[in-house]
Amino acid sequence: MTFTRRLTLAAFAGALALGTAMPAFPADLIAIITPAHDNPFFKAEAVGAEAKAKELGYEALVMTHDDDANKQSEMIDTAIGRGAKAIILDNAGADASVAAVKKAKDAGIPSFLIDREINATGVAVAQIVSNNYQGAQLGAQEFVKLMGEKGNYVELVGKESDTNAGIRSQGYHDVIDDYPDLKSVAKQSANWSQTEAYSKMETILQANPDIKGVISGNDTMAMGAIAALQAAGRKDVIVVGFDGSNDVRDSIKSGGIKATVLQPAYAQAQLAVEQADAYIKNKTVPKEEKQLMDCILVNADNAGSLETFALTN
């Protein structure tokens with residue numbers, strides 16, 4: 001128990017002894033809610049947000065919803081019950097999360113969304129997301145170059161309820177579809193999962209042994225794909241991911257995955273906490289609710305500078 005907390009409790013006890021009513025003073029708490037931390041991207045978000053919250057003098061309550069909208073709703077209830085000053089949220093579905101964010105707003109708690117949008121405006125104070133379309137186009141341009149503008153390829157798509165999955169896929173196709181000699185032979189969702197991507201890749205490879213490339217909606221699925229390809233002895237297949245994880249960095253450096261697209265997870269989370277702090281202290285609202293952060297291509301040329309979803313000098 002902190003010295004400040006002891007003083008507060010002592011004052012409260014004294015007020016009760018005097019028969020004087022006192023208002024409750026919840027700790028300055030920021031709730032940080034993300035998908036599961038077994039995906040390093042989401043862990044980086046949580047670590048970045050928690051570090052910034054503590055730097056600014058807040059307590060941090062870190063929770064994971066595992067992409068379960070019902071669990072997310074329960075965590076919003078927890079944040080409300082704990083008197084959180086703000087919620088930093090990487091949500092569990094563009095449609096399914098609207099009610100939960102509105103519930104927090106109705107309780108007087110502002111939400112600052114990161115990574116994933118919701119299909120509503122005016123409910124969250126901020127939606128800070130990567131420029132997924134711009135990033136996907138970067139990745140697709142590199143993929144086309146690596147493929148030599150021809151050959152059969154596979155696309156692994158993220159969770160269908162996640163807006164980012166659709167935006168990235170559209171960005172890929174708006175580039176790749178301009179090259180008639182690049183032919184899509186399979187497009188399947190692996191739900192952002194490495195295990196599921198491994199299984200899907202095994203099945204796809206059996207049906208399409210002549211594939212030349214795989215473009216993935218995130219790094220976790222790309223890692224599953226490269227593992228399945230390597231297990232089958234197919235070191236000739238080009239794999240491109242999206243996120244900028246350390247795992248993919250190491251794969252690029254060792255000649256496995258060829259490229260990825262860095263989205264600044266850590267920086268996004270820290271910016272969200274900074275904006276929450278400004279709102280809590282001064283009711284300062286960002287100029288735009290939806291804020292896009294551009295992505296950066298990572299390949300063999302700069303992979304050595306990648307660390308925890310950020311490029312270092």
Side-chain angles (χ1 to χ4, degrees), residues 23-36 42 45-132 159 161-167 265-293:
F25 291 102
D28 286 343
L29 177 73
I30 290 180
I32 301 161
I33 307 172
T34 70
F42 302 130
E45 288 181 330
V47 170
E50 183 177 17
K52 180 58 68 173
K54 289 181 176 179
E55 177 188 322
L56 293 172
Y58 297 92
E59 292 184 22
L61 175 63
V62 179
M63 299 178 280
T64 60
H65 55 57
D66 303 325
D67 280 314
D68 182 331
N70 291 325
K71 190 173 180 181
Q72 175 180 258
S73 183
E74 292 170 0
M75 290 175 175
I76 296 290
D77 288 337
T78 297
I80 293 170
R82 290 281 300 272
K85 299 294 187 182
I87 295 170
I88 310 299
L89 175 67
D90 191 338
N91 70 76
D95 292 314
S97 300
V98 174
V101 177
K102 186 175 186 302
K103 177 169 57 175
K105 180 182 180 181
D106 291 344
I109 302 175
S111 294
F112 296 79
L113 276 53
I114 53 175
D115 179 42
R116 302 171 178 175
E117 305 168 49
I118 57 172
N119 288 333
T121 57
V123 182
V125 174
Q127 299 192 55
I128 305 170
V129 299
S130 298
N131 192 340
N132 284 279
K159 189 179 289 290
S161 63
D162 187 338
T163 302
N164 290 347
I167 293 173
Y266 195 91
Q268 277 182 12
Q270 294 218 318
L271 178 61
V273 175
E274 290 169 356
Q275 292 188 3
D277 177 59
Y279 185 89
I280 292 164
K281 290 176 178 173
N282 303 309
K283 296 297 180 185
T284 302
V285 176
K287 291 181 180 179
E288 300 289 341
E289 176 182 330
K290 184 174 177 180
Q291 303 161 56
L292 296 178
M293 297 182 74

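FYI, side chains are in, hydrogens and waters are out, and symmetry mates aren't considered; it's all heavy atoms of this structure.
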With distance as the sole test, does Ser73 use its side chain to make a donor-acceptor pair with the main-chain N or O of Ala69 at under 3.5 Å? no
Nearest-0.5 Å distance that lies between atom NE2 in His65 and atom OG1 in Thr34: 6.5 Å
Do Lys105 and Ser111 touch side chain to side chain, with heavy atoms closer than 4.5 Å? no
Does the side chain of Leu113 come within less than 4.5 Å of Ile118's, by heavy atoms? yes
Would you say the side-chain atoms of Thr121 and Lys290 include a donor-acceptor pair closer than 3.5 Å? no
I want to check something: taking the side chain as every heavy atom from C-beta on, are Asp106 and Lys102 in contact at a cut-off of under 4.5 Å? yes
Between Ala100 and Ile76, which heavy-atom pair has the shortest distance, and what is it? O-CG2, 3.6 Å
Would Leu29 and Tyr58 count as a side chain to side chain contact (heavy atoms under 4.5 Å, CB included) if you check the C-alpha gap in whole Å, the side-chain angles of each, and the deciding distance to 0.1 Å? CA-CA 6 Å; Leu29 177 73; Tyr58 297 92; over 6 Å; no
Does this structure show an ion pair linking Asp67 with Arg116, if we count only N-O contacts that are shorter than 4.0 Å? yes
Do Leu61 and Ile32 come close enough that some side-chain heavy atom pair is under 4.5 Å? no
State, with a plain yes or no, whether a side-chain heavy atom of Asn131 is found less than 4.5 Å away from one of Met293. no
Would you say that Leu89 contacts Gln72 through its side chain, given a criterion of any heavy-atom pair below 4.5 Å between the two side chains? yes
CE on Met75 to CG on Asn70, rounded to 0.5 Å: 11.5 Å
Could you pull out all residues at least two apart from Glu45 that satisfy side chain to side chain donor-acceptor pair (under 3.5 Å)? none
Spatial distance of atom CD1 (Ile128) from atom CD (Gln291) [nearest 0.5 Å]: 4.5 Å
Taking all non-hydrogen atoms of both residues, which atom of Tyr266 and which atom of Gly48 are closest, and how far apart? CE1-CA, 3.3 Å
Asp66 side chain to Asp68 backbone, donor-acceptor under 3.5 Å: no
In Å, rounded to the nearest 0.5 Å, how long is the span from CG of Asp77 to CD of Glu74? 7.5 Å
So, does Asn282 use its side chain to make a donor-acceptor pair with the main chain of Thr284 at under 3.5 Å? no
Hey, are Lys52 and Asp277 close enough for a salt bridge, meaning a charged N less than 4.0 Å from a carboxylate O? no
Pair Ile33, Asp90 - check side chain to side chain contact (heavy atoms under 4.5 Å, CB included), show working. CA-CA 6 Å; Ile33 307 172; Asp90 191 338; over 6 Å; no
If you compare all heavy atoms of Ile80 against all heavy atoms of Ile109, which two are closest, and at what distance to 0.1 Å? CA-CD1, 3.5 Å
Val273 to Ala49 - nearest heavy-atom pair and separation: CG2-O, 3.6 Å
Between the side chains of Glu55 and Gln270, is a donor N or O closer than 3.5 angstrom to an acceptor N or O? no
When you look at Phe42 and Thr64, which way does the side chain to side chain contact (heavy atoms under 4.5 Å, CB included) test go after all the steps? CA-CA 9 Å; Phe42 302 130; Thr64 60; over 6 Å; no
Do the side chains of Pro286 and Val125 get nearer than 4.5 Å, heavy atoms only? yes
Apply side chain to side chain contact (heavy atoms under 4.5 Å, CB included) to Thr163 and Val129, showing your working. CA-CA 11 Å; Thr163 302; Val129 299; over 6 Å; no
Smallest heavy-atom separation, Ala165 atom then Lys159 atom, equals CB-O, 3.3 Å
Quick one: are Ile88 and Ile114 in side-chain contact, heavy atoms under 4.5 Å? yes
Please check if any side-chain donor atom of Gln127 sits under 3.5 Å from a side-chain acceptor atom of Glu117, or the reverse. no
Is the number of heavy atoms from other residues, nucleotides or ligands under 6.0 Å of Lys54 NZ greater than 12? no
Are any side-chain N or O atoms of Asn132 and backbone N or O atoms of Ser130, one a donor and one an acceptor, separated by less than 3.5 Å? yes
Of all the heavy-atom pairs spanning Asp115 and Gln268, show the shortest one and how long it is. N-OE1, 3.4 Å
